[in-house]
Participant: 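Here you go, one structure.
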Amino acid sequence: MSITEVPNQKVQKRKTSTARPRSGPMRRQRRSGWAKARMGLFNASAIVLGFYALFPVLWIVITSLKPQSQLTTQPVTLIPSSITLGSYRTALGQAPFGRYYINSLVVSVSSTLATLFLGTLAGYAIARLRFRFKKTVLLVILGFSFLPPITLVVPLFNLFRHFSLLNTYWALIIPYTFLSLPICVWLMNAYLQDLPKELEEAAMVDGLNYFGAFIRIILRVSIPGIVTAGLIIFATDWNEFLLALTFMTDNSMRTLPVGIALYPGQYTFPWGIISAATVLALVPVALAVSVFQKRLISGMTLGAVK
Amino acid sequence: MKEITRSEPGVVAGSAILSRTKKRTRGLGSRERRFAFWLILPTFVGLTAILLYPSAQTILWSFQHYVLTDPLQHNFTLSNYTQLFHDHVFWLALKFTIFYAVLSVLGQTIVGLGVALMANREFRGRGLFRAALLFPWMMPTVITAVVWRFMYDPNYGLFNGVLQRLGLPHSFVWLGSPTLAVIALFLVAIWKVNSFAALVFLAGLQSIPASVYEAADVDGATAWQRFSRITMPMLRPTILVVLVLRTVEALQAFDIIYGLTLGGPGYSTLNLPLYLYQQAIQGLNFGYGSAMGVVLAIMISAFAIFYVKVLYRPESLG
């Protein structure tokens, strides 16, 4: 969408092409020497910064593969002499992380789908239909995203207690759906606005009404936007902690983040198992990052740059 | 002759479409509005029921003595607020909330800006570098905190282990002393968010037109001049957006502190959201928790208003 590397390439190309003939050769020579040194420096610092961003993840992966005996050595074993999948087996078998995983999946997938459904409808209306007070409607919807979840915890807890929804999937699906909805409307609105106006007109000439045009034409072309919004919303729901901690008090209903966070309290320092569970929790996220990197970045930065 | 007759149906059809669309547009205006109304309605109903109504309840309860273990009293009272005023833990939590929000966001922004300036250069493996940047942001916050708590472990943790291997002092109880715990918390907070800031800044950097830099080059500007006279001013709106959005979020930080220190040692890393949680959910004092929620919401809306006032001016939107 909005992220391209074109501007940079332009800078590079034009720099060389606009070099003035007088000082041209000398400058170019100096620059290439400089550039080489600078390039080296940049590569080195990029590696350092990349390592800084990744080392906790690396460390968790290493720990999850360590045999039990090397988990509690002093000083710590940086590179284990042998690796084992024992921790993973324990995490999924004896410890209830498999159950947590299913809970997380059910809650995140259903609430993401619900948010996308409502958000696409509203986003479409705001982006492409003509009606009065459109800006106000969008601003009011966005305003909802400023309501701090922490102030919602107590009344929602009370509400769900009243309807006996605590420790059911509904207790998380309902709030997740609506907490992500403002950002979803915003993203879909931004995406749909950029589509050519002729799409509906063409559909209408073909005899479709607004609803038909929306279902047959708009939905189909907005799939990339829906995927981007869906990924961001899924990641938010998958990572949510506060509500999951509060509304799911029953151990068998815990989501993965809550299960991992509360696990050390039950036994003493089972770091191998916790690391294995953490790695498993990161798998969907890592997959999303590697497959949809560009989309994710453009979606994330859309709100802040536009 | 043949050609003309052949074209006649087309002309007729064309004018028919024209007149039909003309007729339609009048009817369509209201039909379009009605369609838009039905599309937006579910969103509004849901947001009102699930977000707005509970918020209103929070305000109401903050003026009631509402403890789940006591019989409910509907009388209007200011006791929650007077109790807050005399609660020294509340003041400690309030101070730490602001301290944490300001310093962590500052750290995230500065480190993020450095990373973004770097990632804006051409180098091999740049795509990989950016993917690496996405990782900390995509990781569940509470799991991030747990992972770092593990690395801070005084006996089996990574940090003390590496220090020991390097022959340096290595017996830090990272999360055991107030000062170290606060520093440890900031390190995690900066690690978690700086890359998000960096990605946003990067998008901002790439929207600066190349011609501006070219012009500066022709005028013989130094690297520092280009940075301070072009990059910074043009990035200013993006920086402000990041600063304020992250501050609003940092004022509500819960997961990271819950996972790392639980507010300890003592009250040294206790912030308002965590104290609210302890009072309202663990202590079942809904009224008291609600009063704290109101205070927090006021702080956050102050920032939100600042956000609208300072940032949504047309000239700063560029």
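The figures that follow rest on heavy atoms only: side chains count, while hydrogens, waters and symmetry mates do not. In what follows, every chain begins at residue 1, and chains take the letters A, B, ... in the order their sequences are listed.
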Participant: Please flag which part of Leu47(B) lies under 4.5 Å from any non-hydrogen atom of chain A: side chain, backbone, both or neither.
Facilitator: both

Participant: Could you give the distance from NZ (Lys134(A)) to CD1 (Ile40(B)), rounded to the nearest 0.5 Å?
Facilitator: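 Here the interatomic distance stands at 8.5 Å.
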
Participant: Are the side chain of Trp191(B) and the backbone of Tyr52(A) linked by a donor-acceptor contact shorter than 3.5 Å?
Facilitator: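 Yes; at least one donor-acceptor contact below 3.5 Å.
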
Participant: What part of Ile190(B) is in contact with chain A, defined as an atom under 4.5 angstrom from a non-hydrogen atom: side chain, backbone, both or neither?
Facilitator: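 Contact with chain A involves both backbone and side-chain atoms of Ile190(B).
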
Participant: So for Phe286(B), is it side chain, backbone, both, or neither that comes closer than 4.5 Å to the heavy atoms of chain A?
Facilitator: both

Participant: How long is the gap from CG on Leu242(A) to OH on Tyr277(B), to the nearest 0.5 Å?
Facilitator: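 One gets 7.5 Å once the value is rounded to the nearest 0.5 Å.
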
Participant: Go through Val140(A), Leu256(A), Thr236(A), Leu147(A) and name the one with the most non-hydrogen pairs under 4.5 angstrom from chain B.
Facilitator: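 Highest number of heavy-atom pairs under 4.5 Å: Leu147(A).
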
Participant: So which part of Leu52(B) gets closer than 4.5 Å to some heavy atom of chain A, the side chain, the backbone, both or neither?
Facilitator: both

Participant: When rounded to the nearest 0.5 angstrom, what is the spacing between CG in Leu118(A) and OG1 in Thr43(B)?
Facilitator: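 Here the interatomic distance stands at 5.0 Å.
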
Participant: Counting heavy-atom pairs under 4.5 Å with chain B, which one of Leu245(A), Val137(A), Val258(A), Thr120(A) comes out on top?
Facilitator: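 Ranked by heavy-atom pairs under 4.5 Å with chain B, first place is Leu245(A).
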
Participant: Measure Ile143(B) against the heavy atoms of chain A and call it side chain, backbone, both or neither at under 4.5 Å.
Facilitator: side chain

Participant: May I ask you to name which of Leu159(A), Thr177(A), Thr63(A), Ile126(A) has the most heavy-atom pairs under 4.5 Å with chain B?
Facilitator: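 The answer is Thr63(A).
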
Participant: Please lay out, stage by stage, how Trp148(B) and Phe55(A) fare under the test ring pair (Phe, Tyr, Trp, His ring centres under 6.0 Å).
Facilitator: CA-CA 11 Å; Trp148(B) 280 77; Phe55(A) 84 90; 5.8 Å; yes

Participant: Which answer fits Val154(A), side chain, backbone, both or neither, if we ask what part of it has an atom under 4.5 Å from a heavy atom of chain B?
Facilitator: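 Its backbone and side chain both get close to chain B.
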
Participant: Quick one: pull up CE in Met292(B) and OG1 in Thr151(A) and give me the separation to the nearest 0.5 Å.
Facilitator: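 Met292(B) atom CE to Thr151(A) atom OG1 measures 13.0 Å (nearest 0.5 Å).
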
Participant: For Phe44(B), I'd like to know if atom CZ has over 12 heavy atoms of other residues, nucleotides or ligands within 6.0 Å.
Facilitator: yes

Participant: Any idea which heavy atoms bring Ile150(A) and Pro273(B) closest together, and the distance?
Facilitator: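 Reported closest heavy-atom pair: CD1-O, 3.5 Å.
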
Participant: What pair of heavy atoms forms the shortest contact from Leu152(A) to Ser55(B), and how long is it?
Facilitator: CD2-OG, 3.3 Å

Participant: Name the option with the most non-hydrogen atom pairs under 4.5 Å to chain B; the candidates are Asn158(A), Ile60(A), Thr115(A).
Facilitator: Asn158(A)

Participant: So which heavy atom on Asn239(A) is nearest to which on Asp255(B), and how close?
Facilitator: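 Smallest heavy-atom distance, with atoms named: O-OD2, 4.3 Å.
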
Participant: Can you name the closest pair of heavy atoms from Pro136(B) and Ala53(A) and give their distance?
Facilitator: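 The answer is CG-O, 3.6 Å.
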
Participant: Below 4.5 Å from any heavy atom of chain A, which atoms of Val248(B) appear? Answer side chain, backbone, both or neither.
Facilitator: side chain

Participant: Where is the tightest heavy-atom contact between Pro257(A) and Val142(B), given as atom of each residue plus distance?
Facilitator: CB-CG1, 3.6 Å

Participant: Answer with side chain, backbone, both or neither: which region of Tyr258(B) has an atom nearer than 4.5 Å to a non-hydrogen atom of chain A?
Facilitator: side chain

Participant: Ring-plane angle category for Phe150(B) and Trp271(A), please: parallel below 30°, perpendicular beyond 60°, tilted otherwise.
Facilitator: parallel

Participant: Answer with side chain, backbone, both or neither: which region of Trp61(B) has an atom nearer than 4.5 Å to a non-hydrogen atom of chain A?
Facilitator: side chain

Participant: To check you understand the geometry: which heavy-atom pair defines the closest contact between Ile50(B) and Ile174(A), and what is its length?
Facilitator: CD1-CG2, 3.5 Å

Participant: Which of the residues Phe131(A), Phe157(A), Phe51(A), Phe144(A) is involved in the greatest number of heavy-atom pairs with chain B at under 4.5 angstrom?
Facilitator: Phe144(A)

Participant: Where does Ala281(A) contact chain B at under 4.5 Å (heavy atoms): side chain, backbone, both or neither?
Facilitator: side chain

Participant: Once you round to the nearest 0.5 Å, how far does CG of Leu121(A) lie from CG of Leu41(B)?
Facilitator: 11.0 Å

